[in-house]
Structures are given as C-alpha cells and as structure tokens.
Amino acid sequence: IMNDKGANIVQQSLARWDIDLFSSAFKKHAYSIYKDLRANSPVHPVNIPLERKAWLVTKYDDVVAMLKDHRLTMDARSDCRTGPLPPFVEKKYLSTNMLSSDPPDHTRLRKLVQKGFTPRMVEGLRERIEKIAQTLLDQVQDRKQMDLIEDYAFPLPIIVICEMLGIPSEDRDQFREWSNTIVDTTNHPEKFQMFSQQVREFTQYLQEMIEQKRKYPEDDLISRLVQVESEGSHLTEAELSSMIFLLIVAGHETTVNLIGNGGLALLEHPDQMEMLKSAPDLMEQAVEELLRYYSPVELATNRWAKEEICLRDTVISKGDMVIASIASANRDEEHFECPDELDITRRENRHLAFGQGIHYCLGAPLARLEGQIALSNLIQRFPDLRLGVSADALRWRPSYLMRGLKTLPVLL
Ligand code: HEM
C-alpha cells in the first residue's frame, strides 16, 4: 500500500512496516492495516512529526488500558515530553482546555460545563433538534439529490451547538473552515502556515464573542462561563477561550461524521437499512452500531508517558507518545463477533467511540440524540435514499484524528 507520495506504507516484512498516519492511503486502507497490526504488532512504532517516538495501540484491551492510565498525560507541555511544542499547543487561547489537561485542572474545567450536557438537559433539546432536522430536509424536499454532508450532516450539529453557546449559527461556514484546518493540521507540518492564520482568526472571533457576552449577557453557555470567570479565579482568560473553542470543535466535527458515516454505512448495507425502516424502534441500537462500525473519532487525543510503561512486549519510555486507535479497538475480533459486519441488532455493544475514563466524551448524550433524530428523519422523509456516486468515488477527509467523508452525494 502506497502513501500519497508513492512510498510504501505497508510492506510484507513486519520489521519494515512504515505507516504514515497522515496519508489518505492510510485512511482508505486503515481497517485492513489495523487488522494486521492487531494480529502481528499490536503496539506499533509510528513516525509523528516533532515527536521523538510514538506508538500506535490497536487492541481493544490495550486501548481501554491506555485511555484509563494515569501514567499518561494529555498535557503536551508536561516536563516528560522533549522537543518543540506542536503549533497548536503553543496557542494557549485554544489549547488550555479540559481535553489537554490532567487532574486537578481537568476536573475543575469539566465540572464547569458538565451540568449543561447531562442526559436530562439534553433531552430538553429533543424538540428543537427535531425541528432543525425537519427544516433542513424541507430545504431539499423538491430536489432529486443532495450532499448529505453539506446539506444535512454538517448544519444540524453546528446549529445545535451554536444555539447552546449563544453564537450566531450564520457564522457556521467560517467555523467549519477554521475548525477543519485546525483539527486536520494537528502535527501535520505541511499545513502549519495555513494553520497559523486560521488560529489567529478563530481566536480573535472568540475574544470578540466573549467581550460581547460580558457587556450583554444572555441565557446561554458562554454568558454563564463569562460570569464564572468574572466571579473569581476559577477560569482564566485562556481557559475560557479554549473551553468555547473545544465545545465548538468537539460539538460539530464529530457529530457531522456520525451522521455522514452512519448514512454511508446504511446505504452500503441495504438489508440493514430496510430492517431499520421497518422497525424504527431499533434506531437507538443502530446508532451504537454505526458509532462502532465507522467510528467518527478514529484516534484518541495524543497522550505522553510520564514514566516508563510496559505494554505487552513493548517498553514505552518516558516522553513517548501513545496513540490509541478507537477505530481499531471497535473492530477487535476478540471483543466483537464478526467485527467487520454491520449488525444494527448487535447486543453487548461496548464500543469505545466516546472514549473511556476521565476524558469520556462530555457530549455523548447530545451526540447520540442528534444522531438518532438526524437518521430517523432522513430515512422517514426519503425512504428511497440511494448513493449518488459509486462507493469507490467517495473520499475520506485526510484528517489525522477523525474519520469523515468530504462529500456524500445521495439520490433522494
Ligand atoms: C471527548 C468522541 C460529540 C464534547 C471525547 C472523546 C471522544 C469523543 C472519543 C475522548 C477523547 C480522548 O480521551 O482522547 C465523540 C464522538 C462524538 C462526540 C464520537 C459524536 C458522535 C461531542 C459533542 C460534544 C462533545 C456533541 C459537545 C460539545 C466533548 C468534550 C470532550 C470530548 C468537551 C472532552 C472531555 C474531557 O476531556 O473530559 N469525545 N464526541 N463531543 N467530547 Fe466528544
């Protein structure tokens, strides 16, 4: 298998395996590469720019262990890490967030917003999410085709998170550009220049938004956070800005992919689509299987070893990066029967799509609800939905952390 520059990324000889996680070739063949790695090299060395050494972990049990291991830090500024900081980490107005922190900062930051994302709070958004889904489908009702990503999967979650935060959802195309560049760029040197400009613009936007909420507070999440910040030392300026950044990015990058990848998986498996149409009560279970099958977050956030760790036969030295592949764990044959089959009636589906441990996804109840509502409205409204291009023509976005399609043309 070749990378984008024509070099081999997987060769027959294990010792020479050289995997380029940034190439679109890897994205395309990832599931078969993971399968080989799980069988032959479950803790595999990979090259990551700016990192001295990095390990890709692909077995379910190891991924769980790594996500829960307090000997790993999420903080790239930690003393254990040597070498220059990744460009994102240098931007403290974006990177001082809970996903890049360890306790006690992590605990304090998460506590400030977790009330807004409990299943009960999220259930209160059901009607509004239904309405958004229906309005978006009304807009394409008379067309023969649409791009499932552009016309539906992207606008739905971004409108929801913008309304929760209290920012104008009309700015969403701008967020997408900033957010896509920043997320796709993580550790990708060829894109660093583009990245700096997007970071500058996004940070400025956040600062202006915070200023406005300070002057004219409303009943929304940003106003409440601004209030906390002004009440004392619970939240610094950088933490406030980074929190909003994280919620915007995490609130839409991933859920777009749940709706897009979920739609694709159902279109690729007409028998499952038919079963779901005839038994809509299966939707909750189906969304869990779709999260497992094409996990929207492919690789967990970067972590570094604070001390030496032994995993299987491998010694992970202090300062090494550990990359846990959620996508691979979710296809591990030791945990899932026929893991490469899509089965919306699958029981005991303990997938890791939302992570594990203290960083378990804060937005999981919201993402689940959005996914269920989006997909059930879609298939009810367009029961004859079909792929608008051959499956071979579809392209995964070349994102290091995420799995999501660039476009998904469908016939209505
Ligand atoms: C964390 C997945 C939607 C907010 C995470 C993590 C995963 C994940 C895997 C843990 C990362 C790690 O430990 O390395 C997903 C998926 C989603 C989704 C698959 C959609 C299908 C959302 C939504 C929000 C959200 C809608 C809402 C704002 C967060 C936050 C964290 C997080 C704030 C950091 C939690 C912490 O550090 O304690 N998500 N997420 N996510 N997610 Fe989500």
Side-chain angles (χ1 to χ4, degrees), residues 57 63-70 72-76 95-119 121-122 125 129 153 156-165 167 175 179 183 186 221-222 225 239 242-262 287-288 290-304 321-327 329-330 351-375 400-404:
V57 176
V63 169
V64 171
M66 291 297 100
L67 295 181
K68 289 181 160 175
D69 196 324
H70 301 302
L72 294 174
T73 174
M74 304 288 274
D75 181 1
S95 67
T96 319
N97 61 52
M98 69 183 104
L99 195 49
S100 314
S101 325
D102 301 329
D105 286 335
H106 169 264
T107 324
R108 172 176 58 85
L109 292 169
R110 185 163 170 132
K111 222 171 169 185
L112 287 171
V113 281
Q114 71 188 6
K115 270 200 219 130
F117 291 91
T118 59
M121 286 298 286
V122 166
L125 298 172
I129 301 173
L156 189 144
I158 194 96
I159 293 174
V160 174
I161 195 71
C162 284
E163 290 184 358
M164 288 179 84
L165 289 167
I167 50 186
F175 292 150
S179 157
V183 171
T186 321
L221 206 47
I222 299 186
L225 288 169
E239 285 172 343
S242 302
M243 173 86 87
I244 302 167
F245 167 78
L246 175 65
L247 293 175
I248 294 176
V249 172
H252 87 281
E253 281 278 354
T254 48
T255 316
V256 179
N257 298 338
L258 166 58
I259 301 169
N261 300 353
V287 163
E288 297 311 306
L290 297 169
L291 281 160
R292 183 194 72 83
Y293 189 78
Y294 281 142
S295 302
V297 174
E298 175 126 2
L299 304 176
T301 318
N302 299 332
R303 287 159 162 81
W304 292 269
M321 182 192 266
V322 177
I323 307 163
S325 174
I326 289 175
N330 283 343
H351 65 75
L352 302 178
F354 292 118
Q356 277 272 312
I358 59 168
H359 292 280
Y360 182 83
C361 179
L362 175 80
L366 175 60
R368 287 187 157 116
L369 187 66
E370 288 178 334
Q372 291 159 13
I373 292 177
L375 291 170
Y400 164 67
L401 295 175
M402 306 283 174
R403 173 168 292 273

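Please read these numbers as outputs of a predicted model, since none were measured by experiment. For ligands, and for the atoms within them, numbers begin at 1 and follow the listed sequence. Heavy atoms only: backbone and side chains are in, while hydrogens, waters and symmetry mates are out.
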Which ligand 1 atoms are under 4.0 Å away from a heavy-atom of Met98? 33 (C), 35 (C), 36 (C), 37 (O), 38 (O)
How far is atom 10 (C) of ligand 1 from the closest protein heavy atom, and which atom is that? His359 O, 3.4 Å
Would you mind listing which atoms of ligand 1 come within a distance below 4.0 Å of any non-hydrogen atom of Leu99? 11 (C), 34 (C), 37 (O)
Listing by chain and number, what protein N/O/S atoms are under 2.8 Å from atom 43 (Fe) of ligand 1? Cys361 SG
State the atoms of ligand 1, each with its element, that fall below the 4.0 Å cut-off from a heavy-atom position in Ile358. 38 (O)
Kindly write out the residues that satisfy salt bridge (Lys or Arg N to Asp or Glu O under 4.0 Å) with Asp69, not counting sequence neighbours, or none if the list is empty. Arg71
What I'd like to find out is whether the side chain of Ile373 reaches to under 4.5 Å of the side chain of Leu156, using heavy atoms alone. no
Go through the structure and list residues passing salt bridge (Lys or Arg N to Asp or Glu O under 4.0 Å) with Glu298, not counting sequence neighbours. Lys27, Arg403
Can you name the side-chain hydrogen bond (donor to acceptor under 3.5 Å, both in side chains) partners of Gln372, sequence neighbours left out? none
Which residue holds the protein heavy atom closest to atom 19 (C) of ligand 1, what is that atom called, and what is the gap in Å? Ala353 O, 3.5 Å
Does the residue His106 have a heavy-atom contact with ligand 1, meaning some pair of atoms that are separated by less than 4.0 Å? yes
What atoms of ligand 1 come within less than 4.0 Å of a heavy atom belonging to Leu258? 21 (C)
Is Arg303 in contact with ligand 1, taking contact as a heavy-atom separation below 4.0 Å? yes
Just to confirm my output: which protein heavy-atom neighbour is closest to atom 35 (C) of ligand 1, and how far is it? Arg110 NH1, 3.4 Å
